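Here is the structure we will look at, set down as structure tokens.
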Amino acid sequence: MKREEILDWLKEESDEKLGALWSRADAVRAEQVGSEVHLRGLIEVSNHCVRRCAYCGINADNTRIQRYRMTEDEIMACVRKAVAFGYGTVILQAGEDYSISTAFVSRVIRRIKSETQLAVSLGLGERPAKELTAWRKAGADRYFLRFETSDPSLYERVHPSLPRRRSDRLATLRKLKELGYEAGSGVMLGIPGQTYASLADDLDLFKALDLDMVGVGPYIRHPDTPLGREEKSHKLLAGRNQVPNTELMTYKFVALARLLCPGVNIPTTSALASLNRETGYELGLSRGSNVIMPNLTPSQYRVLYEIYPAKAMASDSPEEFQARLSKRLKAMGRSIGKGPGGRKKC
Ligand code: SAH
């Protein structure tokens, strides 16, 4: 697809015309990754973080949240739920927390791999190559790190450098591929200052990085963050240049990601579902996506993992969510994926 066409789709507002984009994306999804929806159980193991990402509610400077770190036993209890629900993967996600040590994570990975059939996916931030190597050796299959935006000046604005930890997510993503991980990345849509041209570049970068998973969601303003404290429209671009952080924008981007990276796994994220609690998951799944990440984090911790306010289904127990999800998928004619559901080699 030519860049002009991509830009036209990103700006398209007509329901009728967009119908054609949704059906193209759905057809490519069906042909490339089939009708199975893979479920990955998300475990938010710690909300401690050393980074100062300007948009994120758990960034190091937010003194208004209570911090937690799950124990090995607590994590394993969630892992057993994933097995009981028939999921194929667990994702261990956290702020960039160095008190979750190399050895601790390696031990948890080894336990999951020896006690279950699950694939293990990590989302622990920009950890050093030595740790990524150790975790791969321990058996981790996938790693997820969004680059958030391919616009270098916007990236720097929202990811301030730390004294000895410059932020370079692209370098980490290349390292992950080199180490043999299935690598996932993605962006937020509608960050103040984000242009349509940069979204077209984001899609190019997904291809250039040869990603296995692409996850995107709308930027949601968090009042206790530097970006959230700025006057609402302060850094918004004038006219039609600013990308809106809407549900529609997210579907358009998901559909285009499916057309441009046909064989990748694409989740419908909870940030999207939080904008449309009734049908967000269904619409995402019928416009290109093929993965859902049900949250298995115990409720007392889940409320504290507040990267943005009012995360979708924050009050649902994993059991309630699972029961409802099965019904919803059946009603759509989609089946629940079996096994780890890694990237189909194309
Ligand atoms: N430390 C891990 C996990 C961070 S949370 C990591 O860096 O990968 C996972 C994702 O949540 C982030 O990559 C970001 O894209 C998203 N996120 C954070 N704050 C957000 C906000 N205010 N609105 C929407 N998404 C947000």
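Read the numbers this way: they start at 1 and go in the same order the structure lists the ligands and their atoms. Nothing here was measured: the structure is a model prediction, and the numbers come from that model.
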Counting non-hydrogen protein atoms only, what is the nearest one to [atom]? Give residue, atom name and distance.
atom	result
atom 11 (O) of ligand 1	Ile307 CD1, 3.4 Å
atom 19 (N) of ligand 1	Tyr55 CD1, 3.4 Å
atom 22 (N) of ligand 1	Ile220 O, 2.7 Å
atom 20 (C) of ligand 1	Met188 SD, 3.8 Å

(message) Can you classify the ring geometry of Tyr251 versus Trp22 as parallel (below 30°), tilted (30 to 60°) or perpendicular (above 60°)?
(response) perpendicular

Does an N or O anywhere in [X] fall below 3.5 Å from an N or O of ligand 1?
X	result
Tyr308	no
Tyr305	no
Leu145	no

(request) Please indicate whether Gln117 has more than 12 foreign heavy atoms, meaning atoms of other residues, nucleotides or ligands, lying under 6.0 Å from its CD. (result) no

(message) I need the contact type for Arg146 against ligand 1. Using non-hydrogen atoms and a strict under-4.0 Å cut-off, is it side chain, backbone, both or neither?
(response) side chain

(request) Please work out whether any backbone atom (N, CA, C, O) or any side-chain heavy atom from C-beta onward of Cys49 is under 4.0 Å from ligand 1, and answer side chain, backbone, both or neither. (result) neither

(message) For the residue pair Gln93 / Tyr305, report whether a side-chain donor-acceptor contact shorter than 3.5 Å exists.
(response) yes

(request) Scan side-chain atoms only and decide if Asn265 and Asn290 contain a donor-acceptor pair under the 3.5 Å cut-off. (result) yes

(request) Over all heavy atoms of both residues, which pair between Tyr181 and Arg142 is shortest? Give the atoms and the distance, please. (result) CD2-C, 3.6 Å

(request) Grab the two heavy atoms, one from Ser46 and one from His48, that are nearest each other, plus how far apart they are. (result) OG-N, 3.1 Å

(request) Please verify whether a non-hydrogen atom of Gly95 lies at under 4.0 Å from ligand 1. (result) yes

(message) Here's a test for you: under side chain to side chain contact (heavy atoms under 4.5 Å, CB included), which of Val90, Thr297, Leu296, Leu92 qualifies with Ile75?
(response) Leu92

(request) Applying side chain to side chain contact (heavy atoms under 4.5 Å, CB included) between Gln194 and each of Asn241, Asn245, Asp202, report the one that passes. (result) Asp202

(request) Apply side chain to side chain donor-acceptor pair (under 3.5 Å) to Tyr98 and Glu131, showing your working. (result) CA-CA 11 Å; Tyr98 289 90; Glu131 299 196 287; 4.9 Å; no

Heavy-atom distance to [atom]: which of [options] wins?
atom	options	result
atom 6 (C) of ligand 1	Pro218, Ala271, Ala54, Gly125	Gly125
atom 12 (C) of ligand 1	Arg221, Arg169, Glu148	Glu148
atom 1 (N) of ligand 1	Ser46, Ala94, Pro309	Ala94

(message) Using a 4.0 Å cutoff against the non-hydrogen atoms of Gly123, which atoms of ligand 1 qualify?
(response) 2 (C)

